[in-house]
Structures are given as structure tokens and as C-alpha cells.
Protein chains: 2
Amino acid sequence: MSKIDVREKILDVAARLFYEQGYNLTGINQVIEEAAIAKASLYHHFASKTDLLIAYLEDFNIKWFAGLDNFLKSYTDPKQKLLAFFDYRIARQVERNYGGCAFVKINAEIETEPRVQALVEENKNKARAYIHKLVIQANQAKILSNDALTDTIFLLMEGGMNSAAIFKNTADLESAKKIVKKLL
Amino acid sequence: MSKIDVREKILDVAARLFYEQGYNLTGINQVIEEAAIAKASLYHHFASKTDLLIAYLEDFNIKWFAGLDNFLKSYTDPKQKLLAFFDYRIARQVERNYGGCAFVKINAEIETEPRVQALVEENKNKARAYIHKLVIQANQAKILSNDALTDTIFLLMEGGMNSAAIFKNTADLESAKKIVKKLL
DNA sequence: GTCTATAAGATGATAGAC
DNA sequence: GTCTATCATCTTATAGAC
């Protein structure tokens with residue numbers, strides 16, 4: 001395997017294990033075993049397990065928003081885009097077996113690492129800004145102000161993801177989508 | 001210390017450490033040290049660390065709803081009770097340093113224990129039922145149906161708690177409360 | 001740059017004295 | 001029922017050979 005392949009392979013395995021088992025319950029030994037590389041190779045690419053976590057979160061953040069853009073690109077109506085945002089999250093939760101939001105999960109596991117804290121905040125701020133941009137164009141009913149509607153959609157979505165992780169289904173994400181439809 | 005005192009002391013320390021540091025990052029050694037008891041005493045009262053976790057969650061669930069009842073008892077209007085529910089969660093988050101919901105935290109840390117899963121679900125189902133009961137009496141605006149309004153309040157509250165854990169403030173819980181006020 | 005071997009410490013849990 | 005001492009295992013991380 002080339003240098004880049006090894007790094008990608010490690011990130012790939014770590015991303016899967018951190019999400020499925022949790023960061024603290026995933027040992028370095030399991031990562032190297034499933035990636036089929038030597039321990040020294042991992043520490044050649046990443047200075048520590050924490051650094052591997054940071055790299056995973058940075059990578060994931062980029063891929064997640066790229067995936068969202070791609071998912072929404074077939075819609076032109078901002079209202080439809082907002083509703084499809086829920087579909088994106090529903091589809092991913094089904095695929096990923098209802099583990100909930102990867103950033104929320106890590107946030108619950110890690111208490112003391114400021115770099116992790118910053119990356120989680122950044123992800124959520126970006127998501128809310130993404131919603132806000134669409135709300136400005138989509139808010140016609142005017143039941144709520146643009147800012148209030150942005151918060152409402154953001155919080156309903158976060159709440160729905162929270163429920164997905166707890167109840168292992170997408171019922172609340174579907175409900176949230178329907179509620180947003182009524183408020184637009 | 002009497003037998004009951006020891007058990008209570010262990011639960012007390014475990015509750016604090018599991019919430020502040022996380023379950024997986026809290027070792028049995030730290031629990032016995034801070035509780036000032038011997039390791040064998042802990043294992044006399046609890047068969048395993050998992051059993052201690054279960055006892056903590058059961059205990060916490062009861063105390064949490066008792067605290068809620070107590071907090072809301074001075075209000076008679078169901079609409080005021082619903083809004084005060086948000087105040088309860090805001091007050092607790094300030095007190096507990098924005099760690100988010102204890103059940104959500106545990107749910108994110110533990111993947112494979114069905115007893116934990118059941119207790120988390122039970123807590124959330126009870127919270128939603130609590131809201132539903134108040135919504136039936138409070139929903140006058142009829143912007144949303146009773147069921148839709150119940151889900152909306154529940155999800156806004158969960159989303160707000162999620163934000164508290166991430167942003168380390170109660171801004172979104174306050175926003176959620178204001179939104180609910182408009183929808184009632 | 002990747003390998004094996006190992007360090008140094010923490011983990012959950014138990015045995016046996018008193 | 002509480003104590004001390006210890007077990008076996010797992011943890012992250014490093015050293016040194018090739």
C-alpha cells in the first residue's frame with residue numbers, strides 16, 4: 001500500500017469504528033488489525049489517538065456537507081431543498097443503523113479536548129447557516145420570523161436525530177419534516 | 001457507615017462522575033476512591049460496573065421526574081406549565097454545567113446493553129407523555145394538531161438540550177421556549 | 001516505512017484475611 | 001461486610017531490527 005492509501009485506510013476504519021462502537025470503546029489495536037497495518041505505521045501517520053480523532057472529524061465534516069450539496073442539487077425550490085435536507089438525514093440514519101449524529105456522539109464522549117469541541121460547534125454552526133440561507137428564500141407563510149424559523153428547523157432536526165439514536169428509527173425525523181412543511 | 005449509607009454514597013459519586021466525565025472514562029477505582037470505600041464493598045452492593053450504571057439510571061429517572069413535578073407545582077395554567085418545563089431544563093443545565101441530557105449522554109456511550117437502551121427509551125417516552133398531557137389542555141391556537149404540537153415541543157426541547165451540550169449555553173433552549181410560546 | 005516486541009500503566013473483577 | 005493484595009487483560013505509545 002502507498003503512503004496515501006495507508007492513511008486513507010486508517011481513516012476509513014477509524015471512521016467506521018468510532019461511529020459504530022464509540023471512540024472510547026475503540027482501541028488502537030482494533031483499528032490497526034482491521035486496517036491490516038502495523039501499529040508503528042499508524043503512529044507514523046498520526047501522532048496520537050486524539051490526532052486520529054481530529055483528522056476523522058475534519059474529514060467527516062467536509063464529506064458530510066459535500067454529500068448534502070449533492071443530495072439537494074436536483075431540487076431548485078428552496079422549500080423543497082429544506083424538506084429534502086430531512087430526507088438526507090433520514091437516508092443516512094437508515095444506512096448507518098440509527099447511530100445518530102456523529103458529532104453529537106463524539107461530543108458526548110469527549111469532555112476535555114478543545115479541538116474536538118471546536119469542530120463539533122463548527123459543524124453545527126454551518127448546518128444552521130445552511131438552513132438559514134434557505135429559510136430566507138422559503139419562508140412565505142410568515143407564521144414565524146426568519147430567525148425563529150431557522151432555529152425551529154435546526155432544533156427539530158437535531159431533536160429528530162436525537163430520537164433516531166434513541167429509538168433506532170426515523171419516526172421523529174419524519175414528524176419533524178411534516179411539521180416544518182406546515183410552518184413554511 | 002451503614003449499609004444503606006454506603007450504597008447511597010456510591011450511587012451519589014457514580015452519578016456525578018458518570019455525568020461529568022462520562023461512563024467509559026470513569027473507572028471503578030475513581031469511584032471507590034471518591035466514595036472513600038473499599039473495592040470489595042462496591043462489588044458487594046453492585047455485581048458489576050454495568051449494574052451500577054443501571055441502578056444510577058433508575059434512580060436518576062425517578063428523581064428527575066420528581067424534580068419536574070416539584071418545579072411545576074406552583075403553576076396551574078397548562079400553558080404556563082409547558083413553558084416552565086423549559087425553565088426546569090434551563091435551570092438544571094446551568095447548575096450542571098451544560099453537560100446535556102444524562103440519558104442522551106449514556107445512550108451515546110453505550111451501544112450494546114439492552115437494559116440501558118430500555119431505560120433511556122422509557123425516560124424519553126415519559127417526557128413526551130408528560131408534554132402530551134399538558135398540550136391537550138393548552139393547545140388553543142390550533143396552528144398544529146395536538147399530536148403535532150406534542151412532537152414539536154418534545155423535539156424542540158431535545159434539540160435545545162443538544163445545543164446546551166454542544167455550545168455550553170442555554171440560548172437554544174431559550175429560543176425553543178419562545179417558539180413554543182408562539183405556537184400555543 | 002513497516003515490522004515485532006515490549007514498555008508502563010490502567011482496567012474490571014476476585015481471593016482470602018479479619 | 002470491609003479490608004489489602006493481586007489477577008489477567010487491555011490500554012496508548014515507543015524502541016530498535018530490517
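Letters A, B, ... are given to chains in the order of the sequence lines, protein chains preceding strands, and every chain is numbered from 1.
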Inset, instruction - Could you check how far CG of B/Asp51 sits from P of C/dG12, rounded to whole Å? - result: 14 Å
Legend entry - Any donor-acceptor N or O pair under 3.5 Å, side chains B/Thr150, B/Asp147: no
Inset, instruction - Would you check if the side chain of B/Ser163 reaches a backbone N or O of B/Asp172 as a donor-acceptor pair within less than 3.5 Å? - result: no
Inset, instruction - Please confirm whether the backbone N or O of A/Leu53 pairs with a side-chain atom of A/Glu58, one donor and one acceptor, at under 3.5 Å? - result: no
Legend entry - Under 4.0 angstrom between A/Ser48 side-chain N/O and D/dT12 OP1 or OP2: no
Legend entry - Within 6.0 Å of NZ in B/Lys182, more than 12 heavy atoms from elsewhere: yes
Legend entry - Length of the line joining A/Leu25:CG and D/dC10:P, which is rounded to integer Å: 14 Å
Legend entry - DNA chain D: stems of at least 3 consecutive Watson-Crick or G-U pairs whose donor-acceptor distances fall under 3.5 Å: C:1-18 with D:1-18
Inset, instruction - Quickly work out the A/Lys49 NZ to D/dT12 P distance and round it to whole Å. - result: 4 Å
Legend entry - Nearest heavy atoms of A/Asp69 and A/Tyr130, plus distance in Å: OD1-OH, 2.6 Å
Legend entry - Exam field: side chain A/Gln137 to backbone A/Lys133, donor-acceptor pair closer than 3.5 Å: yes
Inset, instruction - Mind listing the residues from residues 10-23 of chain B sitting with a heavy atom below 4.0 Å of DNA chain D? Number order is fine. - result: none
Legend entry - Aromatic plane relationship, B/Phe71 with B/Tyr88 - under 30° parallel, 30 to 60° tilted, over 60° perpendicular: tilted
Inset, instruction - Write down the distance between NZ (A/Lys39) and P (C/dT2), rounded to a whole number of angstrom. - result: 16 Å
Legend entry - Euclidean distance, atom NE2 of residue A/His44 to atom C1' of D/dA15 [Å, nearest integer]: 16 Å
Legend entry - Gap between atoms CG and P, on A/Asn24 and C/dG12 respectively (whole Å): 12 Å
Legend entry - Nearest-angstrom distance from the residue atom CG of B/Leu52 to C1' of C/dT11: 15 Å
Inset, instruction - Count the heavy atoms belonging to other residues, nucleotides or ligands that lie under 6.0 Å from NZ of A/Lys168, then report whether that count exceeds 12. - result: yes
Inset, instruction - For A/Thr50, answer base if it contacts any base atom (sugar-phosphate contacts may also be present), sugar-phosphate if it contacts only those atoms, and nothing otherwise; contact means non-hydrogen atoms under 4.0 Å. - result: nothing
Inset, instruction - Using heavy atoms to find the nearest nucleotide of DNA chain C for B/Tyr43 and A/Ala38 separately, return the residue whose nucleotide is more 5′. - result: A/Ala38
Inset, instruction - Evaluate whether atom CD of A/Glu111 has more than 12 neighbouring non-hydrogen atoms of other residues, nucleotides or ligands under 6.0 angstrom away. - result: yes
Legend entry - Backbone N/O of B/Gly100 and side chain of B/Tyr19: donor-acceptor pair under 3.5 Å: yes
Legend entry - Of residues 27-34 of chain A, the positions that come close to DNA chain D - non-hydrogen atoms, cut-off under 4.0 Å: A/Gly27, A/Ile28, A/Asn29
Legend entry - Residues A/Lys126 and A/Asn123: side-chain donor-acceptor under 3.5 angstrom: no
Inset, instruction - Between A/Ala40 and B/Ala40, just flag the one whose closest nucleotide in DNA chain D comes earlier from the 5' side. - result: B/Ala40
Inset, instruction - Using whole Å, report how far NE2 of B/His45 lies from P of D/dG1. - result: 7 Å
Inset, instruction - Answer yes or no for A/Lys49 and A/Tyr23: cation-pi contact, defined as NZ/CZ to six-membered ring centre under 6.0 Å and angle to ring axis within 45°. - result: yes
